[in-house]
Novice: 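Once you've had a glance at the structure underneath, I'll fire off some questions.
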Amino acid sequence: MIKRDRLGVGFPTITRKTAQNVLQVLKNERLSYGPFTQKFEKDFAKQHGCQFGLMVNSGTSALQIAIACLAERHHWKPKDEVIVPAVTFVATSNIVIQQGFKPVFVDVDARTYNIDPANIEAAITPRTRAIIAVHLFGQPADMAAVNRIAKKHRLRVVEDSCETMFATYHGKSVGSLSDIGCFSTYACHILVTGVGGLVTTNNPRYATLLRSLANHGRDGIYTSMDDNRRRGKALTQIVEKRFRFIRNGYSYRVSEFEGAVGCAQLDIAPRLIRARIRNATRLTKALKPFASVVQLPWHPPHVTHSYMMYPIVIQPRAGIKKKDLVMYLERHGVETREMLPLVNQPYYRKHHKVRETDYPVARWINRNGFYVGCHPEMGIREIDHVAMVLKRALSKYLK
């Protein structure tokens, strides 16, 4: 039987272990930052090739403190510039503006939908300070090229990996390929904690600064209530400094509940990724005869893909109206979403004078792209239903 409630773009996988962990939090009477969250941070960072991990309340918060950290550490000035891909969720560029900097958009690659390194250098000015490389839809960006350009121009690099976990680029994990990696565990993402995000880094100075920024700018000597249990001189230092704030920070902490759910999710992460790859592979095989009218996901051989979703873009001259195709899917129970349009958004057109026509690939994606779900709660029947509906809709356009 087709589980139509599973045909959305995402659906959480809740296990018995999830419930056990949440109940354990209540039994422990420890609702603030505690052992579950600490374990989740440590294990997630390790599995992504990083020494340090910090859980915060969203992927957006992760991005915001990443930029704030680099700005403080490297002495950025107001109106300095950060390069952002022209196709991404609005949070990527919103946080740049909120930190007092200017996002400079760069068009994306037509096959991977990630930032196109060939366009980056033309966007660099004397005020450029960083590049945010976004790993869209589960696929790593071309980090070797991005890092090569960044090194040449002495720029910092942040990975916006909110849609990508457990994927590799030349054998190295996302989140470990730059100065700071940012992830999201929001509902319907790859790992789901309800709300939440993570920051990863291999730089100990960044790690200390990031934790302070997420906790009101507090002195790094005090990170949790466990520090109150120290003895002797260490306790004296804690008492003297636990209410010492050394920078302007934020309240981006999570409760122990999110950490408990995260630990349960991490236990089943390999199964979740295998299911996503299985579902995406089955969809691609079913839709291969229609490759002349719609572009299906593709990734180079040195990259692994974790398929947070399944993007589809109508090919030029296919004669298909996106609205008609999307509404056909929706009427037949298949949920769709836009492929993260940014440079055509009213706010950016009005307040930042962004012209979509300056980004032809993004414009093509905005006008012709959408995605469907391929999450682990979709079984073979659900995937085959999505494929059947798409094939019916597309068959009349084959020549």
Side-chain angles (χ1 to χ4, degrees), residues 1-23 57-59 89 136-138 162-166 183-197 257-258 260-287 290 294 296-297 305-313 322-341 369-395:
M1 182 177 179
I2 297 170
K3 298 179 180 178
R4 291 189 179 271
D5 63 336
R6 303 300 200 268
L7 293 177
V9 295
F11 201 92
T13 300
I14 306 299
T15 64
R16 181 178 298 177
K17 184 69 171 178
T18 308
Q20 290 173 347
N21 284 4
V22 170
L23 287 173
N57 62 0
S58 72
F89 187 57
L136 276 185
F137 310 126
C162 289
E163 295 184 357
T164 304
M165 293 177 179
F166 309 104
F183 300 84
S184 173
T185 56
Y186 182 61
C188 301
H189 282 219
I190 292 175
L191 294 187
V192 175
T193 63
V195 296
F257 289 115
E258 284 82 25
V261 175
C263 286
Q265 288 276 289
L266 209 50
D267 286 344
I268 61 170
R271 171 162 68 88
L272 299 178
I273 297 299
R274 285 196 302 270
R276 288 180 178 277
I277 294 172
R278 176 202 68 205
N279 289 344
T281 302
R282 191 172 183 88
L283 268 177
T284 298
K285 183 178 180 181
L287 298 174
F290 301 89
V294 289
L296 305 175
H305 203 308
S306 54
Y307 290 102
M308 183 173 148
M309 59 277 284
Y310 191 90
I312 297 170
V313 186
K322 174 180 165 180
K323 182 179 179 180
D324 292 344
L325 178 56
V326 163
M327 290 311 302
Y328 184 88
L329 290 170
E330 295 280 351
R331 285 194 296 270
H332 289 81
V334 179
E335 188 177 352
T336 66
R337 288 287 191 277
E338 297 287 321
M339 279 177 61
L340 308 180
F370 62 95
Y371 65 81
V372 297
C374 60
H375 57 82
E377 291 301 303
M378 295 177 75
I380 290 175
R381 289 174 181 265
E382 287 75 33
I383 288 295
D384 287 349
H385 177 78
V386 173
M388 177 192 69
V389 173
L390 274 163
K391 287 192 286 186
R392 284 179 179 174
L394 296 172
S395 58

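The analysis underlying the following values was restricted to heavy atoms, covering all of them including side chains, and did not include hydrogens, waters or symmetry mates. Computed from a predicted structure; not experimentally measured.
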Novice: May I ask you to check whether over 12 heavy atoms, not counting those of F89, lie within 6.0 Å of atom CZ?
Specialist: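 Counting other residues, nucleotides and ligands, CZ of F89 stays at 12 neighbours or fewer.
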
Novice: Does the side chain of Y186 reach to within under 4.5 Å of the side chain of S58, using non-hydrogen atoms?
Specialist: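 A side-chain contact under 4.5 Å is absent here.
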
Novice: Could you verify whether a donor N or O on one side chain and an acceptor N or O on the other, from T15 and T18, lie under 3.5 Å apart?
Specialist: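 Yes, side-chain donor-acceptor contact under 3.5 Å.
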
Novice: When you measure from the side chain of K391 to the backbone N and O of L287, does any donor-acceptor pair fall under 3.5 Å?
Specialist: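 A pair under 3.5 Å: no.
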
Novice: Rounded to the nearest 0.5 Å, how far apart are SG of C374 and CG of L283?
Specialist: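 Reported value, rounded in 0.5 Å steps: 7.0 Å.
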
Novice: Of all the heavy-atom pairs spanning C162 and H189, show the shortest one and how long it is.
Specialist: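 Where C162 meets H189 most closely, the heavy atoms are O-ND1, 3.1 Å.
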
Novice: Check each of L272, N21, T185 against Q265 using the side-chain contact (heavy atoms from CB on, under 4.5 Å) test, and report the only one that passes.
Specialist: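 Result for side-chain contact (heavy atoms from CB on, under 4.5 Å) with Q265: L272.
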
Novice: Which atom names give the shortest non-hydrogen contact between L329 and F370, and what distance separates them?
Specialist: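 L329 and F370 have their closest heavy atoms at CD1-CE1, 3.5 Å.
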
Novice: Check the surroundings of atom CZ in F257: do more than 12 heavy atoms from other residues, nucleotides or ligands lie under 6.0 Å from it?
Specialist: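 Buried by this count: over 12 neighbours within 6.0 Å.
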
Novice: Is a donor on one side and an acceptor on the other found under 3.5 Å between the side chain of H385 and the backbone of H332?
Specialist: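 Yes: the side chain of H385 pairs with the backbone of H332.
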
Novice: Which atom names give the shortest non-hydrogen contact between H375 and N279, and what distance separates them?
Specialist: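 Closest approach of H375 to N279: O-ND2, 3.0 Å.
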
Novice: Do we get R276 above Y307's six-membered ring, with its NZ or CZ under 6.0 Å from the centre and within 45° of the axis?
Specialist: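 Because its charged atom misses either the 6.0 Å distance or the 45° angle limit, R276 does not stack over Y307.
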
Novice: Nearest 0.5 Å, what's the OG1-CG distance between T284 and L296?
Specialist: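 Taking OG1 in T284 and CG in L296, the distance rounds to 5.5 Å.
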
Novice: Check the pair I2 / L7 against side chain to side chain contact (heavy atoms under 4.5 Å, CB included), numbers first and verdict last.
Specialist: CA-CA 9 Å; I2 297 170; L7 293 177; 4.2 Å; yes

Novice: For the OH atom of Y328 and the CZ atom of R392, what is their distance to the nearest 0.5 Å?
Specialist: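 The CZ atom of R392 is 5.5 Å from OH of Y328, to the nearest 0.5 Å.
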
Novice: Does atom NZ (K322) have a neighbourhood of more than 12 heavy atoms from anything else shown, all under 6.0 Å?
Specialist: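 More than 12 heavy atoms, drawn from other residues, nucleotides or ligands, come within 6.0 Å of this atom.
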
Novice: Let me confirm one number: the CD1-NE2 distance from I273 to H305, rounded to the nearest 0.5 Å.
Specialist: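 Interatomic distance, I273 CD1 to H305 NE2, rounded to 0.5 Å: 11.0 Å.
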
Novice: Over all heavy atoms of both residues, which pair between I312 and M339 is shortest? Give the atoms and the distance, please.
Specialist: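 Reported closest heavy-atom pair: O-SD, 3.7 Å.
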
Novice: With side chain to side chain contact (heavy atoms under 4.5 Å, CB included) as the test, would you mind laying out the steps for V261 and V192 before giving the verdict?
Specialist: CA-CA 8 Å; V261 175; V192 175; over 6 Å; no

Novice: Taking all atoms of both residues into account, what is the closest heavy-atom pair of E258 and T193, and its distance?
Specialist: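 In this case the closest contact between E258 and T193 is O-CG2, 3.6 Å.
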
Novice: Can you name the nearest heavy-atom pair linking G373 to I383, along with the distance?
Specialist: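 Smallest heavy-atom distance, with atoms named: O-CD1, 4.5 Å.
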
Novice: Measure the spacing between CG of L340 and CD of E163 and express it to the nearest 0.5 Å.
Specialist: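 Result: 5.0 Å between the selected atoms.
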
Novice: Atom CE in M378, atom CZ in F11: separation rounded to 0.5 Å?
Specialist: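 Between M378 CE and F11 CZ, I get 11.5 Å after rounding to 0.5 Å.
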
